[in-house]
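Single-structure report; data block below.
Order of the sequence lines fixes the chain letters, A, B, ..., with proteins taken first and strands second; residue numbering starts at 1 for each chain.
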There are 2 protein chains.
Amino acid sequence: MPIAQRESISSSTTATKMRLLDVSGRLFAESGFDSVSLRLITENAEANLAAVNYHFGSKEELIAAVVEKLVGPVNQRRLALLRQINLDVSGACQSIVEAFIDPVIEAASRGDEEDQRFCKLMSRCIASRDERITSLVLRQFPEVLAKFVDALRLVCPWISSDVAHMRIMFMAGAMAHSLFHYDKLVIISEGRCEISSLDSLRNELVQFLSAGMSAGTSK
Amino acid sequence: MPIAQRESISSSTTATKMRLLDVSGRLFAESGFDSVSLRLITENAEANLAAVNYHFGSKEELIAAVVEKLVGPVNQRRLALLRQINLDVSGACQSIVEAFIDPVIEAASRGDEEDQRFCKLMSRCIASRDERITSLVLRQFPEVLAKFVDALRLVCPWISSDVAHMRIMFMAGAMAHSLFHYDKLVIISEGRCEISSLDSLRNELVQFLSAGMSAGTSK
DNA sequence: AACTCAATTAAACGTTTGTTTGAATTATTT
DNA sequence: AAATAATTCAAACAAACGTTTAATTGAGTT
């Protein structure tokens, strides 16, 4: 009878359910949401094949659980950091960028998991091209976007609303792309570039984006 | 006997084969490479289900044909534009950014297809997270990356090799992300932002990236 | 007109997918 | 201890997938 107790389950959080969430995140990070089968997940979680449908209802709801568990706290932290910024002092634009970037870096470094895996999963969420994923991610994003646009325009008054929105999008893209692919840079550059740590990537991202965010307008 | 004539086919370019390539590009742009089935492709191309395997050998080789047809000319054009730049004059950094961006914008605007669809397909190639795709795309990229790194460091001598590599990656990410998602910005911004044309997006991208590329280093 | 070979077709193949079922097991409550 | 609910399990399900096969068509050549 796996239907009636759906609601009582969502609060119980069985050990199996948590293991499924954890293993799913690991596998999704490496291969994407669609490529990972329920059989691979349940085998790695040492659970039965039917466990996902029992605990989450469907694969899609499992994905939703993984995604929301990941992006929710990050967006909350972004808003919290943004509120702490003194928008009057010089360097406030860099603080805005940091408020957008650092919650992701923090979460990646804090977790017991490996940095890269967390970054890849986060990148798959933020810059997904699957509407089923983006609809989940973008649900919370309008508030974040609006707050960051307001902050940016307070610090850089010469930026129009349209341009501010675009620049937030550019920032998200640069971050998501580099978070996912930075480990490949040593190969593509044929050994000429090596990123020593996630922190060094973060520093260069902040440097690059701060300049872009505060750039003057063309005309 | 679909094996022996494989090479004679690749030069004949049947009407069916071209239709398959065209339809595949359209469908891949909208839904991604994996989500589009051979049945959907062949139905839209008014061809038989077996046509893809006959003309291309497999679905994977069809994807490879679509990808290489798309990214090859763009990278060639990038290198051509880069060679034309006078690296001594001021504003050379912006020219470098334009040499990276404009080949994509040109190709999107030139094609008979709709802008957005082309942008989405291009974005799926450039910033793919599927190793089967990235291995195709990145095959030509080391040369492009190296040339752009060299040009950037000539114009901005204070940038180290590592940082130059990263900034190219940031640029690619900002471009790919915004090319794919810019039509969603009007929804996410809840009507507060609307991108009038692909050209306006291009102009803001150039403005943003030029500032980021030429930014000073942190210490 | 007979032959040749590329191209198309309909049908079936074997896998893999997410999901469902009903019984067995374990845990919790009465 | 008995009864009830929650969880696990093996097995099977239908659907969708890429691929293959063998027969058929059609144009170009000998």
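- Of the inter-residue distances, the one linking Y54(A) atom OH with N48(A) atom CG reads 12.0 Å to the nearest 0.5 angstrom.
- Among the atoms of the strands shown, none is found under 4.0 Å from any heavy atom of A51(A).
- Following rounding to the nearest Å, I41(A) (CD1) and dG18(C) (P) show an atom-to-atom distance of 8 Å.
- Of the options K59(B), R132(B), R129(B), R124(B), a salt bridge (Lys or Arg N to Asp or Glu O under 4.0 Å) to D34(B) is made by R132(B) and by none of the others.
- Note: CG (L49(A)) to P (dG18(C)) measures 9 Å, nearest angstrom.
- Atom CG in L209(A) sits 7.0 Å away from atom CZ in F170(B) (nearest 0.5 Å).
- Counting to the nearest Å, the P atom of dT9(C) and the CG atom of N53(B) are 15 Å from each other.
- Spacing between atom CZ of R39(B) and atom C1' of dA11(C) amounts to 11 Å, rounded to whole angstrom units.
- Regarding H55(B), its NE2 atom lies at a distance of 10 Å from the P atom of dT9(C), rounded to whole Å.
- When the nucleotides dT19(C), dT7(D), dC9(D) are ranked by their closest atom to the side chain of A50(A), dC9(D) comes out on top.
- Atom CG in N48(A) sits about 11 Å away from atom P in dA11(D), given to the nearest Å.
- Checked against dT19(C), dA10(D), dA7(C), the side chain of S58(A) finds its nearest nucleotide in dT19(C).
- Nucleotide dT19(C) holds its P atom 9 Å from the CD1 atom of I63(A), rounded to whole Å.
- Taking CG from N44(A) and CG from L20(A), the interatomic distance works out to 10.5 Å, rounded to the nearest 0.5 Å.
- Between the CG atom of L20(B) and the P atom of dG18(D) there is a distance of 13 Å, given to the nearest Å.
- Distances shown here put a side-chain N or O of T16(A) below 4.0 Å from the OP1 or OP2 atom of dT8(D).
- For S37(B), no side-chain nitrogen or oxygen approaches OP1 or OP2 of dA16(D) to under 4.0 Å.
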